[in-house]
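What follows is a short report on a single structure.
Counting starts at 1 for both ligands and their atoms, following the listed order.
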Amino acid sequence: MRFSTSVIAAAGLLSTANAAIKGFNYGANFNNNQAKTLVDFEYEFNAAKTLPGTNGWTSARLYTMIQHGTTNTVIEAIQAAINTKTTLLLGLWASAGQSNFDNEIIALKAAIAQFGTAFTDLVEGISVGSEDLYRITPTGIENMSGAGAQPQELINYVQQTRTAIRGTPLDGKPVGHVDTWTVYVNATNNDFISTLDFLGMDAYPYFQTTMANGVGSASQLFFDAYHQTLGAAQGKPVWVTETGWPVSGQTLNQAVPNADNARIYWEDVTCQLVADNINLWYYTLQDVQLGNPSPSFGIKPAGDLQAVQPLFDLSCPADANPRSSVLLPSATTSSCNCMGSSTSAGLPTTRLSAPAPTFTHTITVTRISSSSVSVPIPVSSSRAPAPVPPPNTPLPAPSSIVPVPMPVPAPSSRRSATPSVPTNISPGLQTPLIPPTLIVTVNKNSGSIIAGNGGTAQLSPFLSPVFAFDIGQEHRGKICNLVFYTPPARPFLDLGPIQIRIPGGIRVSLLSTTTAGLDNGLRVNLGPVDIRLNTGTQLGLSLSITPGNQYNVGSMPCPAGQRVAFQVDSLLGLTVDFFQMTSPPLGLFMVPV
Ligand SMILES: *[C@@H]1O[C@H](CO)[C@@H](O)[C@H](O)[C@H]1NC(C)=O
Ligand SMILES: *[C@@H]1O[C@H](CO)[C@@H](O)[C@H](O)[C@H]1NC(C)=O
C-alpha cells in the first residue's frame, strides 16, 4: 500500500524535499474571457518548471475539463500537460447544475478515450467542485461569490464521477473536493466529507479580516486552518489546493499586499509546506494576462510569462524543518487505493439554477461615468423580417436607460460576525422581482449557444445573452418594468458574481418569438417558442454600465400568461459576465407594479 511509503516520507526518513506535489492553479481563460489554448497552457506549464530558485513545480490544478467557450470539448490543457509532462489535479465544475456537470463528465470521458494512459498517468486526483460549499455559506453569500451547490448535490456528483471512471485507466485515482477550510470544519458537511478520498483546502489569511491577519500572523492563521481541516478530515489526506499572498491590491485589515510580504508568506507557508511534503497548488503563477486584477496574487508580473522575472525570491531556506505534527494525515501519494469510499448509488439528482464556471479569482471593475447618454435607436437588422411583438404586448417606446444608484452597504456590515444578507437593497425597490426562467448566451453572429440555461450571462461584442421570462396570469393588468441591476462595488468583487472586464454599455431588445418556421433569421429554441436573434424592438440602451445601479430599461403592460424574451447586446466593447441572482439583485428582471 502506497500510504505506508508516504508515512515514512512524512516521518522525515526521506531527506528529499521534493516528494510531494508542487504546482499552480490554472484558469481556463484570461481576464478578458479569451479562452486559453494549447500554446497558452504549454507556455504556462513550461514557465512554472523554470522558475528561478525552484524546481519541481510541475503540477497543474484545473477548474474544469471543458475548453472555455465550448459545450463539452476537452480542455486543451490536457494535451499541453502531456506535451510538457505536467501532472494534473483535474477539476469538474459543480456549481452550474446537473446538465453542466454532465458535460464535465462527457469531457472527462472524451479525454480518457482520446489520450489514454498518456493522460491518465498524469492525473494526481480529480476534484469534484471548487468552493461550491463556501459559496452557499452566509459569508459566501455576503461576499456575493456566486452560486454554489448543496452537500447532497455534491455527493451525487462524486458518485457520478466514480461511476464514469469505473473500468477506465482513471479507476483508482483519488476523487475529492476543493473548498475553503471553513467548509470542512462545518459539521453539516460531514456526510459529504465521508464520500471523499482527499480534501483540497483553500486558505487565504489575507482575506481573514476578522482576525489579526498581518503577514507576520499569516503562517499562524494558515496552519491553524490546516490543523482544523485535518481534524475534520476523517483521516483523509488534506491537500493545499489554493493559497497565496497578494503582490498588489487593497489592504484588508492588517494584511498589506506587496511583493515583500508575498516573499515572507512564501518563506513561512510555501517553504514549510514543501518541507512537510504536503501537496500544494499555489495561487498563482501569473494572473495579470489581458487584464489588471486587484488584488493580484501572481508571482510573475505582466509581460511575457517566460521572460519576466518573479516579483520576489522563490528560493526556500535550507534549514526549513518538517513539523511532524502536520504530516501524517496529509502526506500521501497520488496513487492511493481509494476505491473503498464510494457513495451509495441511486441518489436523486437535483438541479440548481446556477452559473456556468468562471475560473479566475481575479477581475478589475473599472468605474466609469454612470450617466446614460441618449443616442438614436438603430433600426433593426436587415437580415430578418420586421420584428413581430408577442401577441397582446403593445410595443414600449424606445428610450435611453436611466440608471438609479443603489445605496452601498456600510463597510461595517462586511466585517460583522454574522453577516446579514441584503434582501432589499434599494429602499425604492419594488418587489416581487420576476427572475428570468431561462438565460441563454448566444454568439449573435452565428446563433450558436455558448452557455445555456444556467444562471450565467456573458456579454461581449459577439456574445449576447437572451433572457426569457414567463409572466404569470396574476400579473394581468399590471405594468411590467424591465430593470437591469448591478450590485454595489465591494472590496471582494474579485470573488464576486459580476466580472466587468471591459467597460461599456448595453442595449436591450424585446425579441420576436415564433412557433412556426417561417423566417430566415437566426433562430434559437427557447422551450415552447423559438426566438429570432437580432430582430428585436430596441427598448433602451445605456452607454455605461457600472456597479451599484438600477437601470430602468422600459415598461410594458405585463404580458400575462406569456413567455417573452429579451436580447442584451454589448455596446462600446462591454465585456462582462455575471451570475443572475436575486439577493442582492443582479441581472435582468421584470418588476410588476
Ligand atoms: C454549514 O454548511 C451548510 C451546508 O453546506 C451551509 O448551508 C451552512 O451555511 C454552513 N454554515 C456556516 C456557518 O457556514
Ligand atoms: C467575506 O465576508 C467576511 C464577513 O463579512 C469577511 O470577513 C471576509 O474577509 C470576506 N472576504 C472573503 C474573501 O471571505
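- Every atom of ligand 1 is numbered from 1 in the order shown, and the set under 4.0 Å from a heavy atom of Thr137 is 9 (O), 14 (O).
- Counting only heavy atoms of the protein, atom 7 (O) of ligand 1 lies nearest to Ile136 CD1, 4.0 Å.
- In this comparison of Ile141, Thr188, Asn186, the heavy atom closest to atom 8 (C) of ligand 1 sits on Asn186.
- By the 4.0 Å N-to-carboxylate-O rule, Glu124 lies too far from Lys173 to be salt-bridged with it.
- Residue Asn189 has at least one N or O atom closer than 3.5 Å to an N or O atom of ligand 1.
- Side-chain contact between Phe119 and Leu90 is present, with heavy atoms from C-beta onward closer than 4.5 Å.
- Contact atoms of ligand 1 toward Leu133: 5 (O) (distance under 4.0 Å to a heavy atom of the residue).
- Numbered from 1 in the order shown, with element, the atoms of ligand 1 that lie under 4.0 Å from a heavy atom of Pro138 read 9 (O), 12 (C), 14 (O).
- Tested against Tyr551, the residues Val483, Leu482, Ile545 include a single side chain to side chain contact (heavy atoms under 4.5 Å, CB included) partner, Ile545.
- Each of Val74, Thr71, Asn72 was evaluated against Ile106; a single residue qualifies, Asn72, per the side chain to side chain contact (heavy atoms under 4.5 Å, CB included) test.
- With respect to Arg263 and Asp268, no salt bridge is recorded, no charged nitrogen being found less than 4.0 Å from a carboxylate O.
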